Amino acid sequence: MTTALYSRFVPLILIGIVHILPCQAAILKVGPNQSFTAPSLAAEVAKNGDHIEIEPGEYFDCSVWRADDLVIEGTGPGVVIRDKTCMGKGLFVIDGNNTTVRNLTLTRARVPDMNGAGIRLDRGSLTVDGVKFIDNQNGILAAGSPGTTITIRNSDFERNGFCGGSCAHGMYVGQADLLHVEHSRFTGTRQGHSIKSRAARTEVIDCEIADGPDGTSSYLIDVPNGGALIVRNNVLEKGPKAENHVGAIAIGEEGVTHPTPEITIINNTFRNDGDYETALVWNVTATPAELTGNKLSGSVVPLKGDGSAK
């Protein structure tokens, strides 16, 4: 593997003593003609700070990433990780801190307990940029913990979600400090929520979240335990087959366990394509929701619960 890995250390001779200083992180190249023919082989040897470059192609593979500060990315269009899951969890299982995943597709994750994820984040902070999550039980399933942040940009979530006993979602985030989602698209979510977040602060900005004609999602955005919520400049749609008619955005309906300093819903477009009445926001917290500049069409009331709509 000498073509893909180079020495991480260089000797420094000073006054007769040999010191070992760390070099720059390694670049691990994955592809049919590379030393690592599958991402999982690179994951086995990756060290803190390494950069994994995956060439275009379909990989029937799953990987467990344990090092910190990794960057895992496709080098061009058509990098597809599919079908095989690790540890009964997902296609990529991440157990390292400050991981970045970008420019690839994660598809068809299935596990026996029905929550197979494109990315299963067991530890640390995560940045996802330009990733497609297609036809998984969970797009992203993130444990989350205090001190961690999860940032999603420029990504597509298509036909994720499943309910069988418990529910899987387009994206589910646990007890992180922050979930920030921007410039991303969620379509055709099945049964679960497109975005479910138990983070202390949740921000959804400049996204499209739509059931479409066949999506059967519950809420488009669910923040079940409260926490700060900012939803701005999004295009939202509930479809004719949606399984939950209460609202598009729900906050606090499972019991408020987080301080909720603000609920700001501003400059969104929401359309209800179903033959039922629904709300843009269902607020079960005591914090007044502030709805400003939202455009509504179909059978929609702006707000159920505390707050005001302007």
Side-chain angles (χ1 to χ4, degrees), residues 140-152 161 163 166-182 184 186 189 191-207 209 211 217-238 242-272 276-296 299-310:
I140 296 174
L141 175 55
S145 61
T148 62
T149 63
I150 296 166
T151 302
I152 313 297
C163 285
S166 60
C167 286
H169 310 282
M171 176 193 306
Y172 175 71
V173 171
Q175 306 290 332
D177 281 0
L178 171 66
L179 169 64
H180 178 87
V181 186
E182 67 176 37
S184 294
F186 297 76
T189 300
Q191 296 184 295
H193 312 305
S194 290
I195 298 173
K196 182 167 185 172
S197 172
R198 300 186 193 273
R201 181 179 180 89
T202 300
E203 302 171 347
V204 182
I205 299 169
D206 291 323
C207 293
I209 309 174
D211 288 330
S217 78
S218 182
Y219 302 119
L220 303 181
I221 301 171
D222 183 30
V223 183
N225 300 131
L229 175 62
I230 295 85
V231 180
R232 185 174 71 239
N233 296 340
N234 301 284
V235 176
L236 309 173
E237 182 257 357
K238 281 185 76 71
E243 294 191 357
N244 187 328
H245 299 169
V246 174
I249 301 168
I251 179 166
E253 85 284 357
E254 292 184 15
V256 178
T257 59
H258 294 326
T260 305
E262 67 171 311
I263 302 171
T264 301
I265 315 296
I266 185 169
N267 293 342
N268 302 283
T269 299
F270 174 50
R271 185 178 76 251
N272 177 18
Y276 51 84
E277 183 180 270
T278 193
L280 172 59
V281 176
W282 179 33
N283 179 21
V284 191
T285 78
T287 301
E290 297 182 4
L291 281 65
T292 306
N294 299 291
K295 298 179 180 179
L296 311 179
S299 183
V300 179
V301 297
L303 175 65
K304 296 178 181 177
D306 290 358
S308 62
K310 301 176 182 179

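Since the model is a prediction, treat every value here as computed from it, not as a measurement. What's counted below: heavy atoms across the whole structure, side chains too, no hydrogens, waters or symmetry copies.
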Regarding [X] and [Y], do their side chains bring together a donor and an acceptor under 3.5 Å, going by distance alone?
X      : Y      : result
Arg198 : Asn225 : yes
Ser217 : Thr189 : no
Gln191 : His169 : no
Asp306 : Asn283 : no

Take Lys295 and Asn268 through the side chain to side chain contact (heavy atoms under 4.5 Å, CB included) test and state the conclusion after the steps.
-> CA-CA 6 Å; Lys295 298 179 180 179; Asn268 302 283; over 6 Å; no
Given side chain to side chain contact (heavy atoms under 4.5 Å, CB included), test Val284 with Lys304 step by step and report yes or no.
-> CA-CA 8 Å; Val284 191; Lys304 296 178 181 177; over 6 Å; no
Euclidean distance, [Y] [atom2] relative to [X] [atom1], rounded to 0.5 Å:
X      : Y      : atom1 : atom2 : answer
Thr264 : Glu203 : OG1   : CD    : 10.5 Å
Ile140 : Met171 : CD1   : CE    : 4.5 Å
Ser299 : Tyr276 : OG    : OH    : 9.5 Å
Asn234 : Ile205 : CG    : CD1   : 8.0 Å
Ile221 : Leu229 : CD1   : CG    : 6.5 Å
Leu179 : Ser197 : CG    : OG    : 4.5 Å

Please check if the side chain of [X] supplies one atom and the backbone of [Y] the other of a donor-acceptor pair under 3.5 Å.
X      : Y      : answer
Lys238 : Ser218 : yes
Asp177 : Thr149 : no
Glu182 : Asp206 : no

Regarding [X] and [Y], does a basic nitrogen lie under 4.0 Å from an acidic carboxylate oxygen?
X      : Y      : value
Lys196 : Glu254 : yes
Glu262 : Arg201 : yes
Glu290 : Lys310 : no

Verdict with reasoning, Val235 to Ile209, per side chain to side chain contact (heavy atoms under 4.5 Å, CB included) = CA-CA 6 Å; Val235 176; Ile209 309 174; over 6 Å; no
Can you name the closest pair of heavy atoms from [X] and [Y] and give their distance?
X      : Y      : result
Leu303 : Gly307 : CD2-C, 3.4 Å
Asn294 : Asn267 : OD1-N, 3.4 Å
Val173 : Ala176 : CG1-CB, 4.1 Å
His245 : Thr278 : O-OG1, 2.9 Å
Thr287 : Ile263 : O-CD1, 3.6 Å

Walk me through it: do Phe186 and Val181 pass the test side chain to side chain contact (heavy atoms under 4.5 Å, CB included)?
-> CA-CA 11 Å; Phe186 297 76; Val181 186; 4.0 Å; yes
From the options Ile249, Asp211, Ile195, Asn244, select the one residue that forms a side-chain contact (heavy atoms from CB on, under 4.5 Å) with Leu220.
->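 Testing Leu220 for a side-chain contact (heavy atoms from CB on, under 4.5 Å) against Ile249, Asp211, Ile195, Asn244 leaves exactly one candidate, Asp211.
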Among Val231, Ile265, Leu296, find the residue that satisfies the side-chain contact (heavy atoms from CB on, under 4.5 Å) test when tested with Leu291.
->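 With Leu291 as partner, side-chain contact (heavy atoms from CB on, under 4.5 Å) holds for just one option, Ile265.
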Could you label the plane-to-plane angle of the Tyr219 and Trp282 rings as parallel, tilted or perpendicular, counting under 30° as parallel and over 60° as perpendicular?
->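 Rings of Tyr219 and Trp282: tilted, as their planes differ by 30° to 60°.
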